[in-house]
2 protein chains.
Amino acid sequence: MVKTVEQIATALHLSITTIRLVLNGKAEQYRISAKTQERIHNYVAEFGYKVNHTARSLKLNKTDTLGLIVPRLSNLFFSTLAEKLEIRCRDAGYQLMIGCTYSDARHENKLVEALLQRNVDGLFVVPSSLQSQNHHAKLVERRPLVLLDRDFGETGVALVVSDNCQGAEQLTRVMMAANGSAPLYFLAGDTEQPAIKMRLQGYRRVMGENPGQWILEAGHNRQEDGSLMMRQFFQRHHRAPQGFIASSLPILEGALSVLREQYGYIPAEINIGTFDEHAMLGFLSNNVWSMRQNEDAWAEHAFTAMQTALSGEAPPSGKVMIPMTMIHRQRAFAGE
Amino acid sequence: MVKTVEQIATALHLSITTIRLVLNGKAEQYRISAKTQERIHNYVAEFGYKVNHTARSLKLNKTDTLGLIVPRLSNLFFSTLAEKLEIRCRDAGYQLMIGCTYSDARHENKLVEALLQRNVDGLFVVPSSLQSQNHHAKLVERRPLVLLDRDFGETGVALVVSDNCQGAEQLTRVMMAANGSAPLYFLAGDTEQPAIKMRLQGYRRVMGENPGQWILEAGHNRQEDGSLMMRQFFQRHHRAPQGFIASSLPILEGALSVLREQYGYIPAEINIGTFDEHAMLGFLSNNVWSMRQNEDAWAEHAFTAMQTALSGEAPPSGKVMIPMTMIHRQRAFAGE
DNA sequence: TTGTAGGCGTTATCAG
DNA sequence: CTGATAACGCCTACAA
């Protein structure tokens, strides 16, 4: 059973102060004898040592805890990011409190408050809007804030995003080549959301003058919005697109479910592009290009930004852009 | 800017005690005058009020924080569960600290210790082995512990699991009917893992006497283990199975990737069964049956178990079995 | 080397 | 109704 400082002191017939001194690494400074240190360390090695983290937090005004706020954990990108970030933080002695907003601004604000009341040392947030972003910036006051995934602008704080524009350009270019003369459509979800906006921008940039007619929009980025857009497409064209890009996985899921409704299957000759990578994209027989976001790099950059801020140096600021990686799955020919 | 109790007291020329009394809802009990309450509430409504949760925790010896330990967050089942549980806890005033073990017992033990040092009021754990489960049971001592997903036995504590055995029976029965006289294989991952073991048991129960020849095993439940088993199958039979059940999604992903390697596509006539539901299963053209686990019910049961334990009544105990739901996707016929 | 005292912000108790 | 005060356990000076 693990021991408290007091128990160690009595067991070893030493003073509490002495125990604390060596346990807090001030042994040399206070010239504690080597044998005493030995004894203490041996004892701790055997039984363990339990600090009351709460009391410590009260005194030192830091909790060694960080907060992470994401829209949804059930989104693979965010859950992977959370996983990587949690490990990275833990390795550095921080625990992560993860909260999830369901993309609801009120949830989000409540969550920020709840975490701040618990005295988290810093906050990672995927903001849902400019308003809420500013709301947080106000609240956190002297605690570091690192924004993730969405650049709403108007902020001096640290920000980590994927290079969505570049990624979209690359994806569009490659798919254009594969798609031949047929139009390459873009099924965008919520075009107000900065990441989506950037993806659309990259697409536009490559498509040139007037790709507006090839862009479909929906208010949100959910599966049902993907279905909606593909249904719209069918109403207009009475057939499936030769090639299209989905602005995110849920959009793709929705769009493909409509194709399946219409045809009874997903026509394998359609060229499919999407953002975010998932092993199950391999279940499709189509040519599939996916733009993977590098969660490891995200976690690393986000954490270092947080760390420099925590160390009290510069206030965290500056945008980090992380390149995306293209993954291509060749069309699978069913030879029966 | 939010105010501390002290700031409010000085601003309103009242005593700190008075402020606390009304803020903590003891106004009536101590017969604070209505106008004083008014003044305080108005002030708080305007400026807000910030408690120091840390000091409160020190005094009350509770942190209003719960811990959740899962193998991986990037696994959709666990991330969905985490999401539901987090919301459920938050609604009840608890924050959730989520940690992730990568199925590594050492990680897991460290994590339990870290959370306990932070004085979480209770712990939800998906244990990776009987040893670690017992290890935790020792450590938590007087904190409630609720075990999830895996029944290693030998425990009196609360436990929430899916009814894997019943689910497997149902799945096997339905697939048998669809599969005709062809053998229905079972690609199991780590058969030591209780959830997998139960699934296998349900399968065996329906298959009767000697299905051993139709069961493949691997040491773990990762994608590469799925690949391994399907490769073994090919070495033996030089063709794909007519129908098979994967013990979990990663296994399925691995198995199908091998089929794609072998054939260049995933033969649509194969009947596929799997545990855990995912929208992307709709990307397959095959007949697909998936057994969905009901995360809402999990979160609800796990939380109520925790809550009764926290309220100090009975020590948490007893197993809750949550039924699975079968989802069937019809084979999609490609008419080209 | 070791002991002691003050204070972190809250709650609970007791005395006005 | 209101004010004062003792814990909660830890850290840090400072004294011995």
Side-chain angles (χ1 to χ4, degrees), chain A residues 2-41 43-44 48-65 93 116-121 141-143, chain B residues 2-41 43-44 48-65 93 116-121 141-143:
Chain A
V2 293
K3 305 290 186 182
T4 70
V5 180
E6 195 173 340
Q7 292 173 309
I8 300 177
T10 55
L12 258 38
H13 300 292
L14 290 170
S15 83
I16 296 188
T17 308
T18 309
I19 310 293
R20 284 199 201 290
L21 252 24
V22 351
L23 254 28
N24 293 348
K26 314 246 175 171
E28 298 316 318
Q29 185 180 332
Y30 284 84
R31 311 177 351 104
I32 309 287
S33 75
K35 35 227 139 119
T36 305
Q37 296 189 39
E38 269 291 293
R39 289 214 297 151
I40 296 176
H41 283 132
Y43 191 89
V44 168
Y49 158 49
K50 174 174 170 52
V51 280
N52 182 328
H53 199 90
T54 308
R56 182 199 182 88
S57 296
L58 178 60
K59 178 68 185 177
L60 300 184
N61 192 29
K62 70 189 189 79
T63 52
D64 296 326
T65 301
L116 287 176
Q117 293 240 331
R118 275 174 175 76
N119 262 302
V120 291
D121 292 342
E141 289 174 347
R142 10 207 91 260
R143 312 249 105 156
Chain B
V2 295
K3 305 289 186 180
T4 71
V5 180
E6 195 173 340
Q7 291 174 310
I8 300 176
T10 56
L12 258 36
H13 300 292
L14 290 169
S15 84
I16 295 188
T17 309
T18 310
I19 309 293
R20 286 198 200 289
L21 250 24
V22 353
L23 257 27
N24 292 348
K26 314 245 176 167
E28 299 315 318
Q29 185 181 332
Y30 284 85
R31 309 177 351 104
I32 308 286
S33 76
K35 34 229 139 123
T36 304
Q37 294 188 41
E38 268 292 292
R39 290 213 299 150
I40 296 176
H41 282 133
Y43 191 90
V44 168
Y49 159 50
K50 176 176 168 54
V51 283
N52 183 326
H53 200 92
T54 309
R56 181 198 180 86
S57 296
L58 177 60
K59 180 66 184 175
L60 300 183
N61 191 31
K62 71 189 187 79
T63 52
D64 296 326
T65 301
L116 288 176
Q117 294 240 334
R118 276 176 175 74
N119 262 301
V120 291
D121 293 341
E141 290 174 347
R142 12 206 88 259
R143 299 282 179 196

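So you know, we letter chains A, B, ... as the sequences are listed, proteins then strands, and number each from 1. Since the model is a prediction, treat every value here as computed from it, not as a measurement.
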- Which of these nucleotides, C/dT2, C/dT10, D/dT12, is closest to any side-chain atom of A/T18? C/dT2
- Could you give the CZ-to-P distance, from B/R118 to D/dG9, as a whole number of Å? 19 Å
- Item | Euclidean distance, A/L60 CG relative to A/H53 NE2, rounded to 0.5 Å | 9.0 Å
- Item | Distance, rounded to the nearest Å, where B/K62 contributes NZ and C/dA12 contributes P | 10 Å
- Contacts of B/L60 and A/R56 projected onto DNA chain D by closest heavy atom; the upstream (5') one is B/L60
- A/I16 CD1 - C/dA5 P separation (whole Å): 13 Å
- Residue pair B/R143, B/N119: steps toward the side-chain contact (heavy atoms from CB on, under 4.5 Å) verdict: CA-CA 9 Å; B/R143 299 282 179 196; B/N119 262 301; 3.2 Å; yes
- Task: State whether B/T17 places a side-chain N or O below 4.0 Å from either non-bridging phosphate oxygen (OP1 or OP2) of D/dT2.
- Result: no
- Provide, to the nearest angstrom, the distance between the CD atom belonging to A/Q117 and the P atom belonging to C/dT10. 10 Å
- Checking only heavy atoms, does the side chain of B/K59 share a donor-acceptor pair with the base of D/dA7 at less than 3.5 Å? yes
- In whole angstroms, the gap separating C1' of D/dC10 from CG of A/D64 amounts to 13 Å
- Can you tell me how far P of C/dG9 sits from CD1 of B/I19, to the nearest Å? 17 Å
- Given atom CG of B/L58 and atom C1' of C/dG7, what is their separation to the nearest angstrom? 12 Å
- Message: Contact between B/R118 and B/T63 at the side-chain level, heavy atoms closer than 4.5 Å - yes or no?
- Response: no
- Query: Just wondering, do B/T36 and B/L12 contact through their side chains at under 4.5 Å, heavy atoms?
  - Reply: no
- Note on the structure: Comparing B/N52 with B/L21, nearest DNA chain C nucleotide closer to 5' gives the residue B/N52
- Task: With heavy atoms under 4.0 Å as the rule, sort B/L14 into base, sugar-phosphate or nothing.
- Result: sugar-phosphate
- One should read off an interatomic distance between A/I19 CD1 and A/I40 CD1, to the nearest 0.5 angstrom, of 4.0 Å
- Note on the structure: In whole angstroms, the gap separating P of C/dG7 from CG of A/N61 amounts to 17 Å
- Closest listed nucleotide, where the reference is the side chain of A/R20 and the choices are C/dT2, C/dT10, D/dT12: D/dT12
